[in-house]
Visitor: 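Quick one: the structure is below, and I'll ask about it shortly.
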Amino acid sequence: MIKAKVNVLTAVVNSIESLTWRQTLKLLTMLISLAVGAAPVLATNLDVPVGLHKLTAASSPALELVGRWDGGPVYSSTVSGEYVYFGMGGGIRVLHIEQNANPNAAAWREVASVTTSGVVKDLTVSGHHLYVADDGGAMRIIDISKPSQPLEVAHIDLQPNVRAVAVEGNYAYLAAGWLGLVIIDISDPQKPRQVRKFKTENYAVDVHVAGSLAYVANITRGVRIIDVADPLQPKEIGFYEMPGFAHGVHVDGDYAYIVGLEEHEDDLAGLTIVNIADPTKPVKSGFYKLEYGAERVWVENQVAYLAGVANDAGLIVVNVTDKNNPIKMASYTSKTCSESVTIAGSHAYLAHGDLGLEIIDLSNPKVSPVVEHYDAAGKSRGVDVVGNYAYLANGYTGLRILDISHPDAVREVANLPTYRAVDVDVAGSYAYIADDWSGVQVADISDPSSPHIVGYVNTPGNAERIVVIGSLAYVADGPAGLRVLDVSRPEAPAEIAAFDTPGYAYEVRVVNGLAYVADGDQGLRIIDVSKSSAAMEISHFTPRGKRVDVRDVEIVGSHAYLAAGRSGLTVIDISDPKNPREVAQGAIKRTARNVRVSGAYAYVADLNWLRVFDISNPILIKEMASYKIPATLADIWVDESGVYAAANEAGLMILGLKNPSVVN
């Protein structure tokens, strides 16, 4: 510690001549604090002069994308002529509809795919172009004049959460989250131009344009009706509000069909039919109640097709001939939430999230059989890298194993279904999977192309993270705290100790017989696990800040690095584990969720940003590079080959750090 103080004081003396009086005062305050042994002034509160922390590389450090596996959920589909287009994570797949002799029978053949740099949330076709709502923050335009050779020709950047797109004439209308309704001039599809942003009430998630009116679903503020006769001067002329969350809207004639989710148990979630003959005074006509609700709706030939969620998951078919009394005709149920539905001819194309795309024959609505299915990849929530393989915990699709020997051409080699894989740790020939409320699954991966489950143990909470050391596995079990498992026999793992932390256990790291648990709003808990049959807390630490939320922890030497929500990257001196103390804090613009340390750098997941901090001097940390991810980061793995980011619906992203040299 004395040596560290001398280094800092020397840096101050060497830099003093170039300081302003304000910088001098702040540095002298730090000098006095160090001299008397008080907690040092934090790096984030200092205007640190360049001389104190300078880059030696010819150019600034930067993160660059070197590879990606873009598998993810299916959120949307659209049909144009003989072709079906659907998004899957960051990619778009193209199917050709091949009719058989029977006009009600068809076959589908995949003919092409195209990769985007974002996440495909919604699709629509106009002319020879496919318009894509990219949830990562963009609208993309794909030339499909040759459907077997789709090509992105333009995009326009926006803020994240672009949820839906509709096209009318020379304009595209986007439901763009907090931005509201965004209007893009697409008269030249290769040169799209934003012409107007119209702030709607609350958060825009869906849009349907009929004639000169745009109907925008706005979560807690129902549907807003906006006159876009002059797209440069949009104006709200009416609205319809309702209990719960409005998620989808479809207009057919004089009626708007709105689907929503319940916010409270007594909300009337379901399908609301609204008379819009006078759009300035919309009036409710009828209602069809669901248990939990639906995300999207499509109406055709007096029939409404609902993409249901939760207890209503699947496809629900409702006869709306009588607007005052809609009647259920049929349903196709599933355990997985559906996202949207497109109707073309006698088939429904159900975007079924993690489950994929399902094509349903509607010729007999009372049966609604699935006639074709295309798998999705789920959401990447946890990652471990061993040799040439990345092991992804991919939510409801289970464990996915990727060959990363060529980062620019990542290839999936196997998929092992589980209930809901949220983390994975590979030890020897086994992958230990934290499987949410289903506990821990143990998979034999001696042959990565043929994994299989060999063991299982339930845990009382939600298995969020797992780390295996020797014959013991340590599980951050959400509301049930820390669980310690004996995995000496992988086919029969068994709990041998536990400590129920006061918060929600998100992550655990174990070093020298001590478990460091990231416990949400209860900070960092330090638990003695040196006796495998017992676990006892010896201390805890709560970072400064109004909204503490410790989600992750990394231990390096005598320091613990916390991803502490809005408290940012917090550095804790744990040289005396019974008396942890904060030594520095790195500001985060949003909220820190994950942290990994490699050498002199800390990699921090800040929602949809990956940030790199120089921690060569733990009390003077500084952000040195960042990279925007098209979805929320869920986990990070770092080794000498690069940074592996599990990015939810954006899949796995592999990044490298350029020009990393730093001196103090």
Side-chain angles (χ1 to χ4, degrees), residues 4 40 42-46 48 52-55 57 60-64 383 385 465 467 506-509 511 516 518 523-524 541 543-545 548-575 580-629 633-647 653-664:
L42 300 180
T44 52
N45 294 329
L46 290 172
V48 182
L52 192 63
H53 193 279
K54 68 181 180 181
L55 302 177
S60 299
L63 285 165
E64 64 175 358
V383 58
V385 176
R465 296 293 181 196
V467 59
Y506 285 102
E507 179 64 279
V508 58
R509 291 283 180 265
V511 178
Y516 298 82
L524 175 71
F541 178 85
R544 295 175 301 110
V548 173
D549 187 17
V550 178
R551 293 293 187 97
D552 200 2
V553 56
E554 181 86 311
I555 309 298
V556 178
S558 60
H559 291 95
Y561 297 84
L562 308 183
R566 294 195 176 182
S567 296
L569 172 63
T570 303
V571 186
I572 311 299
D573 184 338
I574 54 170
S575 53
R581 63 185 184 87
E582 182 174 314
V583 296
Q585 201 173 77
I588 290 289
K589 293 182 179 179
R590 294 166 182 81
T591 180
R593 292 289 181 84
N594 299 93
V595 58
R596 291 292 177 270
V597 173
S598 179
Y601 311 112
Y603 298 80
V604 179
D606 178 14
L607 291 185
N608 64 325
W609 283 86
L610 177 63
R611 303 189 185 280
V612 185
F613 288 81
D614 171 20
I615 56 168
S616 53
N617 185 337
I619 68 170
L620 289 173
I621 59 179
K622 180 181 180 181
E623 184 176 331
M624 54 185 284
S626 63
Y627 187 91
K628 185 181 178 183
I629 304 293
L633 277 166
D635 194 21
I636 311 167
W637 174 271
V638 183
D639 64 15
E640 65 280 357
S641 66
V643 183
Y644 298 83
M653 305 191 73
I654 306 173
L655 301 110
L657 184 65
K658 295 176 59 178
N659 307 317
S661 300
V662 176
V663 297
N664 291 306

Visitor: Run the side-chain contact (heavy atoms from CB on, under 4.5 Å) check on Thr591 and Leu607 step by step: do they pass?
Guide: CA-CA 6 Å; Thr591 180; Leu607 291 185; 3.4 Å; yes
Visitor: Between the side chain of Ser567 and the main-chain N/O of Arg544, is any donor-acceptor distance below 3.5 Å?
Guide: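 Side chain of Ser567 to backbone of Arg544, a donor-acceptor pair under 3.5 Å: yes, one is there.
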Visitor: What's the separation between atom CG in Asp573 and atom CD1 in Ile619, rounded to the nearest 0.5 Å?
Guide: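 Between Asp573 CG and Ile619 CD1, I get 10.5 Å after rounding to 0.5 Å.
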Visitor: If the condition is side-chain contact (heavy atoms from CB on, under 4.5 Å), which residues does Asp606 pass it with, not counting sequence neighbours?
Guide: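 Listed in chain order: Ile588, Lys589, Arg590, Trp609, Arg611.
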Visitor: Might you work through the side-chain contact (heavy atoms from CB on, under 4.5 Å) test for Tyr506 and Arg593, ending with a clear yes or no?
Guide: CA-CA 10 Å; Tyr506 285 102; Arg593 292 289 181 84; over 6 Å; no
Visitor: Does Asp614 form a salt bridge (charged side-chain N to carboxylate O under 4.0 Å, His left out) with Lys622? I'd like the steps, not just the answer.
Guide: CA-CA 5 Å; Asp614 171 20; Lys622 180 181 180 181; over 6 Å; no
Visitor: State which residues pass side-chain hydrogen bond (donor to acceptor under 3.5 Å, both in side chains) with Ser641; sequence neighbours excluded, sorted by chain then number.
Guide: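 Ser641 satisfies side-chain hydrogen bond (donor to acceptor under 3.5 Å, both in side chains) with Asp639, Tyr644 once adjacent residues are dropped.
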Visitor: Could I get the full list of side-chain contact (heavy atoms from CB on, under 4.5 Å) partners for Pro580, not counting sequence neighbours?
Guide: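 Counting only residues at least two positions away or on another chain, Pro580 forms a side-chain contact (heavy atoms from CB on, under 4.5 Å) with Ile526, Ser539, Phe541, Ile572, Ile574.
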Visitor: Tell me, please, which residues at least two apart from Asp635 pass salt bridge (Lys or Arg N to Asp or Glu O under 4.0 Å).
Guide: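 Asp635 satisfies salt bridge (Lys or Arg N to Asp or Glu O under 4.0 Å) with Arg465, Arg596 once adjacent residues are dropped.
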Visitor: Could you check Leu569 against Val595 for side-chain contact (heavy atoms from CB on, under 4.5 Å), going step by step and ending with a plain yes or no?
Guide: CA-CA 8 Å; Leu569 172 63; Val595 58; 3.9 Å; yes
Visitor: For a quick test of reading the model, state the closest non-hydrogen atom pair linking Ala564 to Thr570 and the distance between them.
Guide: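 In terms of heavy atoms, the two residues are closest at CB-OG1, 3.8 Å.
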Visitor: Indicate yes or no: at least one non-hydrogen side-chain atom of Val643 is less than 4.5 angstrom from one of Ile636.
Guide: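 Contact flag for Val643/Ile636 side chains = yes.
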Visitor: Write down the atom of Ala645, the atom of Leu655, and the distance for their closest heavy-atom approach.
Guide: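 Closest approach of Ala645 to Leu655, heavy atoms only: CB-CD1, 4.4 Å.
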Visitor: Test side-chain contact (heavy atoms from CB on, under 4.5 Å) on Leu524 and Tyr516 and set out the steps.
Guide: CA-CA 7 Å; Leu524 175 71; Tyr516 298 82; 4.0 Å; yes
Visitor: Can you pull out every side chain to side chain donor-acceptor pair (under 3.5 Å) where at least one residue sits in residues 553-566? Sequence neighbours excluded, please.
Guide: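 Side chain to side chain donor-acceptor pair (under 3.5 Å) check on residues 553-566 returns Arg509-Glu554.
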Visitor: With rounding to the nearest 0.5 angstrom, report the CG to NZ distance, Asn608 to Lys628.
Guide: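 Reported value, rounded in 0.5 Å steps: 6.5 Å.
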